[in-house]
J.: 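Let me begin by handing over the structure; questions about it come next.
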Amino acid sequence: MSTAAIELREVEKSYGGKLVVDRLSLTVAPGECFGLLGPNGAGKSTLTRMLLGITPPDAGKITVLGVPVPARARLARRSIGVVPQFDNLDPEFTVRENLLVFGRFFNMSTRQIEAVIPSLLDFARLGNKAHARVADLSGGMKRRLTLARALINDPQLIVMDEPTTGLDPHARHLIWERLRFLLSRGKTIILTTHFMEEAERLCDRLCVIEEGRKIAEGRPQTLIEEQIGCDVVEIYGGNPQELSSLLKPCVQRVEVSGETLFCYAPDPEQMHAQLRGRAGLRLLQRPPNLEDVFLRLTGRELEK
Amino acid sequence: MFEGFAGALPANAWNWIAVWRRNYLAWKKVALASILGSLADPMIYLFGLGSGLGLMLGRVEGTSYIAFLAAGMVASSAMTASTFETIYAAFARMHSQRTWEAILNTHLTLGDIVLGEVAWAATKAFLAGTAIAMVAVLLGDAEWPSVVYTLPVIALTGLAFASLAMVVAALTPDYNYLVFYQTLFLTPMVFLSGAVFPVTQLPEVLQQVASVLPLAHSIDLIRPAMLDRPAAGIPLHIGALCIYTVLPFFLSMGLFKRRLMR
């Protein structure tokens, strides 16, 4: 009997001969917020569907909340809440009706659902919108309602596919704050995102996936330290190719992405000295972040 | 296709009710428009053909033409209501509205969803067919109380056509193909099944074809009940409608599993 909330062992899946999940193993502990990061098409959504037992793996073993999936997925889903990537609320229903209808899909009685609706609306900050039609809600409100709906069965595990994609910064921050509240209540969260700030702020641990393979795993700060480990100077303007050969001797690594030059510089002063006297350059020095890790691992045009 | 099929079957005998109730709640908001909309078409046919053609035809199979036609309209309106609910509304919930996707993340299975949708489509068919039967009674074109025997047949007709339409919904890539089911299958069936004229008017070959059509079995049960006449071959007709309900239901589940749970 495993104590992990989620355990994947050597899981494989391919569609039409194309491998989308390649012998992937990972473990998520109870109470943890775990991030699945990867570019579009990396296999993140396929993985979340596999956790729910909707997509059967070709090979490997999946255990969710101690239950084998997909064999007993229905039992596992009893204790899972899902926030899907695409809004699938019922637009013709009110906020309250959406919760009522969804609760019934978990065999809850009307009375049981009525009892939890006020606290869910409160949680989602939709207390005054109970009788509003979903079609009249803003994007942020809809996403909060989807989150509230995912909690109707009081799940231990919440699976979120791109929870804040398409939201404005204010709405996004409100979602993050609500998720931290859930984590403080001991819920386990697994989320997919290609939004680095989200992963850095929320996730205790994360894994970076590319073409169905795990290419890195760990705590965000550890990954940043391991993969980058020094300040980053971004240079705009000028010819990136020419600048990169000029700066290469005095920095740890140089990468070109489009018109921008990224210098990983343990000693930025030395770099500044090299560039002295050059006009038209804009420099931005900042601490490294997860975006640097992600881009480094998943391939920005590497300057060799 | 049938590998791991158990996970797609209905989980129990009552989970589907949650899906049915969801659709009922949505329908309640537009109930009046929906009822009027589904009644208008068969009523127009009934009065248009019944009074117009009826004058020319005189008596058909020993009754007035409008009374003969009423039974055909009851059965075909149940067929239409059930089919349209499935290939348009349920298909939208499966396809563009992503309602099924949301439900698949819950305690329900794919089979629970399909069963709930079939039961709901049959409910709408029951409402449509029953309303026309009652109008026929009020106009004196159907016999009371024998007309009551039509009610379970209308429901069974609704189930059979919902199941058949589920197969179509599971196979169609998008809305554009659905019209072919209507024009190439349903409309010819109305003319082959004795809805608007007696099957005996057809050439022998087509009579053979008609004898296996679900609508023909439905009409062969509904017409005697509405006219208060003895019906022949009741177990055969009921059995045929049951087969048309059960086989496509399981086939559609296999097809939906392949489409949605891959």
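Not measured: the values here are computed from a predicted model.
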J.: Are any side-chain N or O atoms of A:Thr27 and backbone N or O atoms of A:Glu7, one a donor and one an acceptor, separated by less than 3.5 Å?
T.: no
J.: Pick whichever of B:Gly116, B:Ala26, B:Ala102 has the most heavy-atom pairs under 4.5 Å with chain A.
T.: B:Ala102
J.: Chain B: which of A:Val82, A:Ile152, A:Ile80, A:Leu89 shares the most heavy-atom pairs with it under 4.5 Å?
T.: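 Of A:Val82, A:Ile152, A:Ile80, A:Leu89, A:Val82 has the most heavy-atom pairs under 4.5 Å with chain B.
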J.: Could you tell me whether a side-chain N or O of A:Lys13 sits under 3.5 Å from a main-chain N or O of A:Pro56, the two making a donor and an acceptor?
T.: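 Judged by distance alone, yes, a pair lies under 3.5 Å.
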J.: Under a 3.5 Å threshold, yes or no: a donor from one side chain and an acceptor from the other, between B:Thr99 and B:Arg93?
T.: no
J.: Between A:Val101, A:Asp90, A:Thr146, which shows the greatest number of heavy-atom pairs under 4.5 Å with chain B?
T.: A:Asp90
J.: So for A:Ser79, is it side chain, backbone, both, or neither that comes closer than 4.5 Å to the heavy atoms of chain B?
T.: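 For A:Ser79, no heavy atom lies under 4.5 Å from chain B.
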J.: Who among B:Gln97, B:Glu101, B:Arg22 has the most heavy-atom pairs with chain A under 4.5 Å?
T.: B:Arg22
J.: Name the region of A:Leu52, side chain, backbone, both or neither, that has any atom closer than 4.5 Å to a heavy atom of chain B.
T.: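 For A:Leu52, the contact with chain B is made by the side chain alone.
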J.: Taking NZ, NE, NH1 and NH2 as the nitrogens, is one of them in A:Glu114 or A:Arg96 under 4.0 Å from a carboxylate oxygen of the other?
T.: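 So A:Glu114 pairs with A:Arg96 through a salt bridge.
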J.: Flag the one option from B:Val30, B:Leu25, B:Leu260 with the top tally of heavy-atom pairs under 4.5 Å to chain A.
T.: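 Option with the top pair count is B:Leu25.
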J.: Non-hydrogen atoms of chain B under 4.5 Å away: do they reach the side chain of A:Arg72, the backbone, both or neither?
T.: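 Contact with chain B involves no heavy atom of A:Arg72 at all.
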J.: Just checking A:Phe106: does its CZ atom have more than 12 heavy atoms from other residues, nucleotides or ligands closer to it than 6.0 angstrom?
T.: yes
J.: Hey, does the Lys NZ or Arg CZ of A:Arg178 hover above the aromatic six-ring of A:Phe181, less than 6.0 Å from the centre and inside 45° of the axis?
T.: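 Because its charged atom sits under 6.0 Å from the ring centre and within 45° of the axis, A:Arg178 does stack over A:Phe181.
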